[in-house]
Amino acid sequence: MNNNSPINYLPVRANLRWNRADCTHDEVNLTSTLTCGQTFRWRRQQDGAWLGSIGCQAAALWQPDGCVDHFYWQTFPTADGWDLIAKYLNMGINLRQLQHQWIMAEPLTADVFTQHVGLRLLRQPVEECLYSFQCASCNTVTKIERSVGELARVYGAAAMTPWGNVWLFPTTNSIAHASEAVLRTALWGYRAPRVISLAKIVQERGVGWLNELVDLPYKECHDALTALPGMGAKLADCVCLFCLDKWGAIPVDTHVLQLAQRLWPMKQTGSSLTPRVYAQIGDSYRQRFGAFAGWAQQILFYSELRRSRDRSVAG
DNA sequence: GCTTAACCTGGACGC
DNA sequence: GCGTCCAGGTTAAGC
């Protein structure tokens, strides 16, 4: 059975009791949401369940193929952690209404938004996002997934689930004490010393410092993050957008740059992603899509990522 | 303020 | 089988 097969029977596991979540006004497409490049550690099991972790809990999610108005969930080891799931999936944000506004504002993107209904932005634990994206530089999504998975397997704690152990993301303390040699063998390469140094600095300031960034305005939050070693504008925007509720943040990478240049050619922008071009691209998204521009950007990014994958498969 | 090179590594691709 | 290129970036040096 491959992972693309339609699986429309709720997985049955010993001692597992699924909870159902109805989401009439805040649709969810689990597959696109968990594979759109904002997180790297959710794995689809053979029975169709998605298995991953959120902070210090493991979680299982399941949804019939093609369905976006409900899904099933459970958490481990503490069962029935709906608050955790709801916060993680940003339930309460009316995505359909947003997409309607985006299409009205930018009809060129209508096809993309109607193809990807239910792709939601996650609200991830800051530590996982901060350290995972350290691995993204000059890398492929497949290799980032492997590297981050190895980091968790070696330095994370295990949580038991009916599918077996799930490795929780390591704490700042664990990463600060990690071995550079071990991380290098886990495909982190030259990024290994960077992530360890970053963890040491966060450890000195206290992890609370990271979480308190959510209270700052976007600009101050971004400046605080880019002041950290190894954190450029793009990674800081990833953390702002995926963890700290800065929904107007636009992480501009090669894909986002190409997409913007194709959709909205700008006289000034060159092919290099200089700070000026970076700011121009971000502004062009915010002008079109408003306060939730980061949500719109993620859907457009996912579409561009799939386009680029399809091109490479087609040769 | 812009460009360039260095930093790791494995998969894809051409030969 | 082998060589080359490229991939969600950051940083520092040189111009």
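Computed from a predicted structure; not experimentally measured.
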With respect to A:Phe113, which candidate in A:Trp102, A:Tyr302, A:Trp295 satisfies the ring-ring contact (aromatic ring centres under 6.0 Å, His included) definition? A:Trp102
Would you say the side chains of A:Asn94 and A:Arg96 form a donor-acceptor pair under 3.5 Å? no
Which residues satisfy the side-chain hydrogen bond (donor to acceptor under 3.5 Å, both in side chains) test with A:Gln124, sequence neighbours excluded? none
So what does the secondary structure string of DNA chain B come out as, 5' to 3', with Watson-Crick or wobble pairs under 3.5 angstrom, [ ] for crossing and | for pairs with another strand? |||||||.|||||||
OP1, OP2 of B:dC8 versus side-chain N and O of A:Arg184: anything below 4.0 Å? yes
Give me the distance, rounded to whole Å, that separates B:dG11 from C:dT10 when you measure between the C1' atoms they each carry. 24 Å
Sugar-phosphate only, base, or nothing, as touched by A:Pro251 at under 4.0 Å among non-hydrogen atoms: nothing
Whole-Å gap separating P (B:dG10) and CH2 (A:Trp188): 15 Å
With side chains defined as the heavy atoms from C-beta onward, is the minimum distance between A:Phe76 and A:Gln57 less than 4.5 Å? no
Mind checking A:Gly230 for me? I need base, sugar-phosphate or nothing, with any heavy atom below 4.0 Å counting as a touch. sugar-phosphate
Where chain A begins and ends its contact with DNA chain C, read 5' to 3' at 4.0 Å from heavy atoms: C:dA7 to C:dT11
So does A:Arg13 have more than 12 non-hydrogen atoms from other groups sitting under 6.0 Å from CZ? yes
Taking side chain to side chain contact (heavy atoms under 4.5 Å, CB included) as the test, write out the residues that go with A:Gln115, two or more places apart. A:Asp111
At under 4.0 Å between heavy atoms, what does A:Ala192 touch on the DNA or RNA strands: base, sugar-phosphate, or nothing? nothing
Atom CG of A:Asn139 to atom C1' of B:dG10: distance rounded to whole Å? 9 Å
Connected hydrophobic set around A:Trp82, excluding itself, where side chains approach under 4.5 Å: A:Val28, A:Leu30, A:Leu34, A:Trp42, A:Trp50, A:Ile54, A:Leu61, A:Phe71, A:Trp73, A:Leu84, A:Ile85, A:Tyr88, A:Leu89, A:Met91, A:Leu122
Atom pair CD (A:Gln101) and CE (A:Met104), whose distance is rounded to the nearest 0.5 Å: 10.0 Å
What N/O pairs connect the protein and nucleotides 2-6 of chain B at under 3.5 Å? Give each pair on its own line.
from	atom 1	to	atom 2	distance (Å)
B:dT3	OP2	A:Ser272	OG	3.3

Near A:His100 NE2, under 6.0 Å, is it more than 12 heavy atoms from other residues, nucleotides or ligands? no
For A:Tyr278, answer base if it contacts any base atom (sugar-phosphate contacts may also be present), sugar-phosphate if it contacts only those atoms, and nothing otherwise; contact means non-hydrogen atoms under 4.0 Å. nothing
Looking only at atom P, what distance separates C:dG8 and B:dC13, rounded to whole Å? 14 Å
Rounded distance [0.5 Å steps], CG in A:Leu235 versus CG in A:Leu130: 8.5 Å
Quick one: are the ring centres of A:Phe242 and A:Phe133 less than 6.0 Å apart? yes
